[in-house]
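Below is one structure, written out as structure tokens; the observations come after it.
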Amino acid sequence: MTAPLDPRTGWALPAPGAMPRTAQLEPLVTRVLAPNPSGMTLDGTNTYLVGAPGSGQVVVVDPGPADAAHLAAVEAAATARGARVVALLVTHHHGDHAEAAAPWSARFGAPVAAAGAAVAGPGGRLLADGDRLALAGTTLDVVATPGHTADHLAFRLESGAVLVGDHVLGRGTSVVTHPEGDVVAYLASLRRVHDLGPAALYCGHGPELTEDPVAVLDFYLAHRAYRERQLLDALAEGPRTVEELVATVYAAVPREVRPAAGQSTRATLAKLQAEGRVEPATGTTVRLA
Ligand SMILES: [Zn+2]
């Protein structure tokens, strides 16, 4: 079984580290890149300002890290749009997306909206799948996309673009965290966004995907199936520890992202175990059922 081909290999995407700090992606959307690059966050966290031109308002999606330089860049982007921040939306609870939500809520006098109460805070709004938010002269549809985390949301814009947080990344593939994440839910969420027919995917990390977003979602689904096949093939040779499986299946990934690979591996093993295809063997090893 050969690895599925990532359609983005043929696209003209900016090289890692070469994304502009601030970019207007379409009339509704300005992206501001936070200064927190790493192996896990790629170029850094993408913060999105969404609002109808001339409305004088924007919604901030995924404020990101509570960083003074990032705040200044977001405020400058809002000013350039002639807009004030009227709400902060958060895709999921991870700190690289949510940390600034509470301090910026206080600074802007704007409420936070998220799926979880811990992120939304005492004055915030809890979001659920199917909610339609009329904000900043436009509408955003809330699409529950659990998998990476249990609380993960995406936001579909009037333009047809979808803000996908960590559900889909601009480069490479995302992580199904363990034990919070869920591979079955993640696959269903990939199909869900696929079936929206997104005009573009605006990712939590890495470049925006505009050329053929559906092809990226097809690749993500194929990639998950490939990883599952690799695990089953490795276990066909005998019981293995999770560490041995990660070393085999993720031999090519940098050491920095091995812990994340371990989480995705554990999440996939949990799915296979629930399906009765894999079972615990001795203490620390698993085997085919
Ligand atoms: Zn995340």
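Note that ligands are numbered from 1 as they come in the structure, with each ligand's atoms numbered from 1 the same way.
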Sequence neighbours left out, what passes ring-ring contact (aromatic ring centres under 6.0 Å, His included) with H167? Give chain and number order.
Y186
If you link ILVMFWY side chains whenever their heavy atoms are less than 4.5 Å apart, which other residues fall into the same cluster as L269? By chain and number, please.
M40, V175, L231, L232, L235, V242, L245, V246, V249, Y250, V253, V257, L272, V278, V286, L288
Name of the residue among T41, T45, D67, D96 meeting side-chain hydrogen bond (donor to acceptor under 3.5 Å, both in side chains) with N36:
T45
Check residues 111-124 and write down every donor-acceptor pair under 3.5 Å in which the side-chain atom is one partner and the other belongs to a residue at least two apart or another chain.
none

Working to the nearest 0.5 angstrom, can you tell me the gap between T139 OG1 and E158 CD?
3.5 Å
Which value, rounded to the nearest 0.5 Å, describes the distance between R31 atom CZ and E26 atom CD?
12.5 Å
Taking 2.8 Å as the distance threshold, tell me the number of protein N/O/S atoms next to the Zn ion (ligand 1).
4
